[in-house]
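Before any comments, here is the structure.
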Amino acid sequence: MNGSILALNAGSSSLKFRLYEVHGEQFSLILRGQFDGLNSNPHLAVKEASGKEIADLDLVLEDNMREDMLERIFEIIKPYTVNNPLRAVGHRILHGGARFSAPVLLDDAIVDYLETLVPMGPLHQPANLASVKLFRKIRPELPQIACFDTAFHVNIDPRAARYPIPRQYSDKGYRRYGFHGLSYTYIAGRLREISEYLSRKRSVVAHLGSGSSLCAMRNGKAVDTTMGMTPLGGLMMGTRSGTIDPGLVLALIETEGLSPADLKHMLYYDSGLVGVSGISPDLRVLLASDDPRAAQAVELFVFSATREIAAMAASMEGMDSLVFSAGIGENSALMRTMICDRLAWMGVTLDEEANAKNAAIISAPESRIEVRIIPTDEEVILAKQTALVIGEGAHGDAAA
Ligand code: ADP
């Protein structure tokens with residue numbers, strides 16, 4: 001395929017976009033942009049791949065802002081698509097349910113199906129679909145491709161997928177799906193590029209960012225993952241609780257009188273690092289603070305991450321490599337040290353000098369488990385999956 005592809009990642013308060021030029025197998029980043037603060041103080045920042053600033057401005061909060069934003073994106077990319085016409089838009093979609101194991105060209109029926117999955121991703125899925133619907137309205141002729149965060153995990157170990165609840169509910173699709181699949185797809189590809197041998201081994205990949213999860217990976221495929229039916233499960237995160245006792249949820253309803261909406265807000269926005277510290281969901285802020293509650297939040301994050309890394313290893317009956325990725329995993333030598341120190345019993349030994357330099361391999365030569373940093377790139381996977389669908393008419397509808 002030749003031309004360009006727009007990759008979109010729509011959240012509840014931000015909209016990130018990237019423009020790629022595609023020549024055959026080559027994908028070159030042309031522009032990256034981000035609308036932030038969409039519910040309060042909207043701001044737009046756009047840069048060329050070289051770093052040259054194209055826009056950096058505050059916007060006025062208006063009712064039809066989302067539609068205006070999309071029109072604005074088309075204005076911004078226009079000069080860059082004159083010689084490389086825009087072929088399609090790739091949307092990051094949180095949930096593809098049991099039906100989608102690969103990216104798919106969106107049509108009305110598929111959008112309707114994806115709407116039914118909103119309860120399995122109550123914050124992300126509506127924001128993702130809102131931008132799909134607007135794009136389809138303002139550019140109906142442009143192919144819109146859905147790229148799913150769940151797809152990478154569709155074939156996890158059935159014992160990891162099943163919850164021990166009555167069959168009448170599991171039969172309806174209440175199961176573990178797992179997320180961050182675009183990131184894990186990228187990392188599985190990088191592991192293969194680095195070494196076929198490494199890619200066949202048992203790796204635990206730690207995507208540690210504002211949302212965090214782990215993936216137990218072997219032969220480039222997911223075996224288990226920490227997030228569950230929703231992206232609320234698994235590790236403690238910036239603002240999300242991660243896995244907690246379901247009895248605690250019942251007690252909060254019955255004893256504390258929380259409504260479903262209160263609970264949702266508490267578990268998605270007021271828990272995790274910000275809940276424990278009472279200060280911030282941002283790890284950098286907590287690491288810089290001398291408040292004991294900040295230290296407690298950081299220690300709990302490390303404790304939660306190491307416990308779950310060991311659980312992922314157990315799912316694969318062993319572990320040969322550990323990969324750190326995303327904002328925390330790629331940038332915080334201190335967090336990597338704290339996590340790896342607690343894994344010494346498994347045979348993890350860091351090379352502190354390499355770790356301090358954010359090197360590609362950060363384990364010591366004698367370490368039984370190889371530890372790497374692999375910077376993730378979810379957007380290039382969006383662009384590649386989108387090109388694949390429009391290039392080959394491929395689709396991932398297991399029900400079709
Ligand atoms: P997202 O893409 O989900 O918004 P990121 O992957 O960018 O999130 O990760 C954001 C998190 O990474 C924040 O908690 C931030 O504090 C943390 N982070 C980024 N750089 C550093 C660093 N140098 N040291 C510690 N934490 C960092």
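Every number for a ligand or one of its atoms is a count from 1 in the order of the listing.
To the nearest 0.5 Å, the span separating CD1 on Ile30 from OH on Tyr80 amounts to 9.0 Å.
Although no hydrogens or angles enter the test, the distance criterion places a donor-acceptor pair under 3.5 Å between the side chain of Gln144 and the main chain of Leu142.
For the pair Gly209 and ligand 1, the shortest N or O to N or O distance does not fall below 3.5 Å.
If you look at Phe135 and His91, their ring centroids are closer than 6.0 Å. Here the two rings, on Phe74 and Phe17, have centers that are 6.0 Å apart or farther.
Near Leu283, with a cut-off below 4.0 Å to any heavy atom, the atoms of ligand 1 are 14 (O), 16 (O), 26 (N). Near Ala326, with a cut-off below 4.0 Å to any heavy atom, the atoms of ligand 1 are 6 (O).
At the shortest separation from atom 25 (C) of ligand 1 among protein heavy atoms lies Ser332 CB, 3.5 Å. The nearest heavy-atom contact from the protein to atom 2 (O) of ligand 1 is Lys16 NZ, 4.0 Å. With hydrogens left out, the protein atom closest to atom 6 (O) of ligand 1 is Gly327 N, 2.9 Å, a heavy atom. For atom 8 (O) of ligand 1, the closest heavy atom belonging to the protein is Ser210 OG, 2.9 Å. At the shortest separation from atom 26 (N) of ligand 1 among protein heavy atoms lies Arg284 CG, 3.7 Å.
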Next item on the list: For the pair Leu198 and Arg372, evaluate side chain to side chain contact (heavy atoms under 4.5 Å, CB included) and give the outcome as yes or no after the intermediate values.
Entry: CA-CA 11 Å; Leu198 177 65; Arg372 288 179 176 269; 3.4 Å; yes
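A cation-pi arrangement is not found for Arg200 relative to Tyr197, the charged atom failing to lie both closer than 6.0 Å to the ring centre and inside a 45° cone about the ring normal.
Residues Thr349 and Glu366 bring no donor and acceptor atom of their side chains to less than 3.5 Å of each other.
Nearest to atom 12 (O) of ligand 1 by heavy atom, out of Asn331, Leu286, Ile328, Asp282, is Ile328.
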